[in-house]
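Worth saying up front: this structure is predicted, and the values here are computed from it rather than measured.
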Amino acid sequence: MRMYDLIIKKRNGNSLTKEEIDFIIQGYTEGQIPDYQMSALMMAIYFQGMNEEETVNLTMAMAHSGEMLDLSGIHGKKADKHSTGGVGDKTSLVLGPMVAAAGAPVAKMSGRGLGHTGGTIDKLESFPGFSTSLTPEQFTENVNTIHMAIMGQTANLAPADKKLYALRDVTGTVDNMSLIASSIMSKKLAAGADVIVLDVKTGSGAFMKTEEDSFALAKEMVKIGNKAGRYTSAVISDMDQPLGFAVGNALEVKEAIDTLKGQGPEDLQELCLTLGSHMLVGAGYAKDLEEARKKLEQTLEDGSALRKLAQFVEAQGGDSAAVFDTNLLPEASIQEEIPAPVDGYLAHMEADEVGSACLILGGGRETKESVIDLSVGLVLKKKVGDAVKQGEALAVIHANDRDKLEAAKKRFLTACSFTENPVEKRTLIRGMLS
């Protein structure tokens with residue numbers, strides 16, 4: 001078998017066999033196939049596409065390119081959630097404790113964020129001492145004991161995907177449905193969960209900007225997961241404006257805690273109840289979505305979800321005092337309102353630009369070496385469809401540097417557009433697939 005022949009085969013629009021895909025992924029992972037040949041193949045796939053069988057085979061080859069996490073020591077069906085990313089997306093901080101408090105094991109592997117804000121791990125590090133450097137034995141014990149653990153992604157988890165994504169990123173071949181779906185699902189399958197619930201975002205702050213593309217990606221990933229023998233479902237949710245009100249690491253942790261107290265933003269709570277219901281049904285802890293939702297709502301009402309967060313933070317070395325007193329979380333030295341420039345209604349808020357304002361403040365990473373300021377960010381006071389008066393606060397900026405604050409304020413205002421006429425509020429849940 002020669003890589004040259006396989007490039008020509010795909011360039012001419014023919015399908016690659018499982019054996020050929022296995023040969024390609026193994027050869028590239030081990031350094032036997034050079035970047036220039038793999039780049040040529042990725043471009044051929046970009047233009048010619050892959051059929052369903054090819055996509056599944058590519059996903060499985062990448063999943064098996066390194067370590068496959070063995071979760072067999074965990075009792076019951078293990079549930080995990082994956083989000084395609086967005087601005088103000090702190091769902092894991094709310095969802096994990098809710099689902100775990102309802103009895104289902106939540107075994108999650110997370111990474112750090114590269115972009116507007118930190119990832120789930122960065123946010124959790126707002127709790128002093130918190131660590132995701134768990135051994136597989138500790139991870140298993142924590143899930144069995146408290147029904148929840150989050151571990152940092154190991155270097156040897158789906159290494160083919162890591163290598164391939166870096167190549168696609170610089171060769172203009174990221175934007176292909178089969179390659180995106182196989183990249184996401186290879187990591188999820190390697191992480192070992194039995195139940196995978198996907199939160200596929202759509203809108204200005206999402207990877208997929210249109211509903212059509214978001215549904216297409218969701219369908220592709222659900223097919224892959226189910227063919228791999230995992231219970232897989234997807235929720236398509238709006239990301240045309242930030243989720244909730246807080247954007248920034250410690251600020252998002254505070255909002256997550258408020259939500260676990262039943263005092264959080266309506267959209268964040270609704271999304272977590274929807275995703276969590278799919279997780280409970282998939283793991284066999286509820287017979288249908290209605291029963292699952294009632295169980296999750298009960299965890300908010302009786303405080304068990306909040307207590308579960310504290311238990312989880314303590315189990316991973318963190319100081320859980322901030323769960324019950326959010327004033328102990330990192331706080332920025334400057335807090336300043338951003339006034340509305342006109343009277344009217346907030347017509348649109350470009351989510352990506354709001355995220356960029358947080359990045360300017362130091363709340364995210366521009367490179368892997370960047371150090372995140374956990375205390376900075378923005379808290380929105382208005383969402384799309386809300387009436388505004390000139391001079392009224394649109395948001396409050398939390399900053400530690402006056403120059404960065406001014407730059408972030410300008411960036412935020414470019415994200416907002418206004419109209420004299422009332423605006424219909426956006427629907428959060430756009431659809432579901434299972």
- Task: Could you tell me the separation between the NZ atom of K227 and the CG atom of N57, rounded to the nearest 0.5 Å?
- Result: 9.5 Å

- Cation over ring, K163 on Y28, under 6.0 Å and within 45°? yes

- Is it the case that T55 and S178 place a side-chain donor and acceptor less than 3.5 Å from each other? yes

- Taking Q316 for the side chain and I150 for the main chain, is one N or O donor matched with an acceptor at less than 3.5 Å? yes

- Under 3.5 Å, is there a donor-acceptor pair between the side chain of S214 and the main chain of K201? yes

- Sidechain N-carboxylate O distance under 4.0 Å for K10, E54: yes

- Are side-chain N/O atoms of T259 and Q269 paired as donor and acceptor at under 3.5 Å? no

- Query: Just by modelled atom types, is the A347 backbone N or O under 3.5 Å from a matching donor or acceptor in the S417 side chain?
  - Reply: no

- Message: For E220 versus A181, what's the shortest heavy-atom pair and its separation?
- Response: CG-CB, 3.6 Å

- Message: Between K308 (side chain only) and I146 (backbone N and O only), is there a donor and an acceptor less than 3.5 Å apart?
- Response: yes

- Item | Check: A399 main-chain N/O paired with K404 side-chain donor or acceptor under 3.5 Å | no

- All heavy atoms of M349 vs all of C416, minimum pair found to be CE-SG, 4.2 Å

- Query: Ion pair present between R2 and D5, side-chain N to carboxylate O less than 4.0 angstrom?
  - Reply: yes

- Task: Answer yes or no: is there an ion pair linking D80 with R230, defined by an N-O contact shorter than 4.0 Å?
- Result: no

- Message: Looking at D213, is its backbone amide N or carbonyl O close enough to the side chain of T210 to form a donor-acceptor pair, meaning the two atoms are under 3.5 Å apart?
- Response: yes

- Note on the structure: Rounded to the nearest 0.5 Å, the CG atom of L243 sits from the NZ atom of K383 at a distance of 6.5 Å

- Would you check if the side chain of N12 reaches a backbone N or O of N14 as a donor-acceptor pair within less than 3.5 Å? no

- Message: Please check this pair: side chain of R411 against backbone of I360, looking for a donor-acceptor N/O pair closer than 3.5 Å.
- Response: no

- Message: side chain to side chain donor-acceptor pair (under 3.5 Å) for S183 and D161? Distances and angles first, verdict last.
- Response: CA-CA 6 Å; S183 174; D161 173 63; 2.6 Å; yes

- With rounding to the nearest 0.5 Å, note down the distance linking CE in M68 to CG in N156. 12.0 Å

- Does N142 offer a backbone N or O that forms a donor-acceptor pair with the side chain of T145 under 3.5 Å? no

- Task: Quick one: which residue pairs count as a ring-ring contact (aromatic ring centres under 6.0 Å, His included) with a foot in residues 300-320, not counting sequence neighbours?
- Result: F130-F312

- Item | Minimal non-hydrogen separation, V376 against D373, with atom names | CG1-OD2, 3.3 Å

- Heavy-atom pair of closest approach, residues A63 and S186: CB-O, 3.5 Å

- Before accepting this row, confirm whether a basic side-chain N of the pair D175/R168 lies closer than 4.0 Å to the acidic partner's carboxylate O. no

- Item | Distance-only polar pair, side chains of S204 and D240, donor-acceptor under 3.5 Å | yes

- Looking at T84, D267, T202, D199, which hits side-chain hydrogen bond (donor to acceptor under 3.5 Å, both in side chains) with S237? D199

- K18 and E53 ion-paired at < 4.0 Å: no

- Query: Considering residues, nucleotides and ligands other than Q298, do more than 12 of their heavy atoms fall under 6.0 Å from its CD?
  - Reply: yes

- Query: Ignoring hydrogens and geometry, is there a side-chain-to-backbone donor-acceptor pair from K78 to L71 under 3.5 Å?
  - Reply: yes

- Has K254 got more than 12 heavy atoms of other residues, nucleotides or ligands less than 6.0 Å from its NZ? no

- CG (L413) and CD (E353) are apart, to the nearest 0.5 Å, by 11.5 Å

- Note on the structure: Separation between CE (M42) and CG (L164), nearest 0.5 Å, reads 4.5 Å

- Message: Tell me the closest heavy-atom pair linking L275 and L198, and the distance in Å.
- Response: CD2-O, 4.3 Å

